[in-house]
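A note on names: the letters A, B, ... follow the listed sequences, proteins ahead of strands, and every chain is numbered from 1.
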Protein chains: 2
Amino acid sequence: MDSIGFQQHDHSHCIAEAIAAAEERCKAEKLQFTPARRRVLEILLEQHRAMGAYEILEILAAEGLGSQPPVVYRALDFLVGHGFVHRIERMNAYTACTHPGEDHVPAFLICRLCKAVAEAETVLDGGRLGKAAHETGFVIEKIVVEAEGLCPACAETAA
Amino acid sequence: MDSIGFQQHDHSHCIAEAIAAAEERCKAEKLQFTPARRRVLEILLEQHRAMGAYEILEILAAEGLGSQPPVVYRALDFLVGHGFVHRIERMNAYTACTHPGEDHVPAFLICRLCKAVAEAETVLDGGRLGKAAHETGFVIEKIVVEAEGLCPACAETAA
DNA sequence: ACATCACATGTTATGATATAACGTTCGAGG
DNA sequence: CCTCGAACGTTATATCATAACATGTGATGT
Ligand SMILES: [Zn+2]
Ligand SMILES: [Zn+2]
Ligand SMILES: [Zn+2]
Ligand SMILES: [Zn+2]
């Protein structure tokens with residue numbers, strides 16, 4: 001079941017493309033795209049869904065890339081820190097960014113039944129939130145938006 | 001340090017008012033506003049900040065209201081489920097809703113330095129997120145917005 | 001070549017958050 | 001009364017994340 005976007009699609013090229021882009025960007029910014037980091041990003045791209053850290057770790061362990069939690073958390077810290085991966089707070093899970101490199105406010109649509117996640121595009125909210133923040137003197141540095149509901153498939157089943 | 005709203009204020013009346021309102025609503029909706037549930041809400045109102053479940057539990061335990069995690073998690077489930085309290089995903093923490101009863105999309109401003117939290121008002125996003133969801137057939141049931149940044153006090157200190 | 005330094009990794013242990021499961025209590029409604 | 005469901009008490013365990021410290025490794029300057 002492919003989840004992101006809630007649509008079936010062949011994404012073998014997404015993976016190759018995204019990895020190549022990440023590699024290039026790391027080169028440009030002198031970041032070390034080490035085997036563990038690369039493999040974690042690959043796994044998230046392959047699975048194309050939100051995954052828990054320990055779920056990723058199992059795969060790494062099976063491949064001999066490390067079996068202790070810090071291995072995967074370090075890789076995730078790097079990937080999240082540089083915008084290759086997003087953390088989904090509601091789920092304590094991680095998912096590959098669907099448009100890395102672009103400066104964006106990630107917004108997620110999370111199905112409460114099948115746990116599928118889609119990353120939607122949003123604009124930086126110039127509305128009430130920004131206004132409220134400005135009025136109180138709060139400086140917003142980062143916004144996350146997470147919506148819960150039913151994906152098309154589950155909505156149909158439930159109906 | 002009072003955090004919500006990032007302003008000092010006397011809120012003894014907020015507490016009494018909020019508790020009375022909760023009591024009334026529970027009566028109207030035949031919900032059981034039990035001692036543990038009431039006390040947890042009171043604690044969150046008194047402290048007027050985001051608190052971890054175990055932090056709340058310590059207070060309950062000191063007062064003889066229970067010492068095991070399920071005690072506080074059950075109370076929080078009830079309070080969150082009925083909108084008296086919000087869970088802040090980024091922090092694994094809980095805070096009393098500042099305008100319970102009203103149907104609203106909570107949005108939080110979270111200071112990354114002092115961890116103060118303000119609940120801002122937002123409107124249900126009729127913008128791109130809603131549009132993107134509608135296009136894919138996703139049914140949004142609930143949205144949370146969490147912004148990280150610097151509160152007025154910390155912004156000043158940092159500057 | 002060698003020292004040095006920054007960064008990444010290996011490993012052990014522990015901390016922090018949350019829930020499963022099961023038996024008991026207690027009050028509302030028949 | 002009796003029954004039922006909701007809340008509660010208790011034990012144990014699951015799940016998520018980080019601290020701390022030792023080790024390796026490659027770039028840089030001398
Ligand atoms: Zn993204
Ligand atoms: Zn679904
Ligand atoms: Zn609220
Ligand atoms: Zn602050």
- request: With axes from five pairs an end, tell me the bend angle of the helix from C:dA1-D:dT30 to C:dG30-D:dC1, nearest 10°.
  value: 30°
Under 3.5 Å donor-acceptor pairs involving side-chain atoms of residues 72-86 of chain B, not counting sequence neighbours:
| from | atom 1 | to | atom 2 | distance (Å) |
| --- | --- | --- | --- | --- |
| B:His82 | ND1 | B:Phe78 | O | 3.0 |
| B:His86 | NE2 | B:His104 | NE2 | 3.2 |
| B:His86 | NE2 | B:Glu119 | OE2 | 3.1 |

Protein-nucleic acid N or O pairs under 3.5 Å, nucleotides 3-7 of chain D:
| from | atom 1 | to | atom 2 | distance (Å) |
| --- | --- | --- | --- | --- |
| D:dA6 | O3' | B:Gln32 | OE1 | 3.3 |
| D:dA7 | OP1 | B:Arg37 | NH1 | 3.2 |
| D:dA7 | OP1 | B:Arg37 | NH2 | 3.4 |
| D:dA7 | O5' | B:Arg37 | NH2 | 3.3 |

task: Could you check how far CD of B:Glu89 sits from P of D:dC16, rounded to whole Å?
output: 14 Å
Would you list the atom pairs, donor with acceptor, under 3.5 Å between side chains in residues 59-69 of chain B and any protein atom, with sequence neighbours excluded?
| from | atom 1 | to | atom 2 | distance (Å) |
| --- | --- | --- | --- | --- |
| B:Glu63 | OE1 | B:Arg39 | NE | 2.8 |
| B:Glu63 | OE2 | B:Arg39 | NE | 3.4 |
| B:Glu63 | OE2 | B:Arg39 | NH2 | 2.8 |

statement: Separation of C:dT11 atom P from A:Leu60 atom CG, nearest Å, is 14 Å
B:Leu31 vs B:Arg37 side-chain heavy atoms within contact, under 4.5 Å: no
query: Is there side-chain contact between A:Ile88 and A:Thr95, with at least one heavy-atom pair below 4.5 Å?
result: yes
message: For a quick check, with a 4.0 angstrom heavy-atom cut-off, what is the B/S/- contact string for nucleotides 13-30 of chain C, read 5' to 3'?
response: ----BBBBB---------
Residue pair A:Met91 / A:Ile110, side-chain heavy-atom distance below 4.5 Å: yes
- prompt: Taking all non-hydrogen atoms of both residues, which atom of A:Phe108 and which atom of A:Val117 are closest, and how far apart?
  reply: CD2-CG1, 3.7 Å
query: Taking all non-hydrogen atoms of both residues, which atom of B:Glu102 and which atom of B:His99 are closest, and how far apart?
result: OE2-CB, 3.3 Å
- line: Rounded to whole Å, CG of B:Leu57 lies from P of D:dC8 at a distance of 14 Å
Could you pull out every donor-acceptor pair under 3.5 Å between side chains of residues 144-153 of chain A and any protein atom, sequence neighbours left out?
| from | atom 1 | to | atom 2 | distance (Å) |
| --- | --- | --- | --- | --- |
| A:Glu146 | OE1 | A:Arg90 | N | 3.0 |
| A:Glu146 | OE2 | A:Glu89 | N | 2.8 |
| A:Glu148 | OE1 | A:Arg90 | NE | 3.3 |
| A:Glu148 | OE1 | A:Arg90 | NH2 | 2.2 |

message: When you compare the side chain of A:Ile19 with that of A:Leu45, does any pair of heavy atoms fall below 4.5 Å?
response: yes
- line: Here the distance between atom P of D:dA17 and atom CE of A:Met51, to the nearest Å, is 14 Å
message: In the structure I gave you, are the side-chain heavy atoms of B:Met51 and B:Tyr94 within less than 4.5 Å of one another anywhere?
response: no
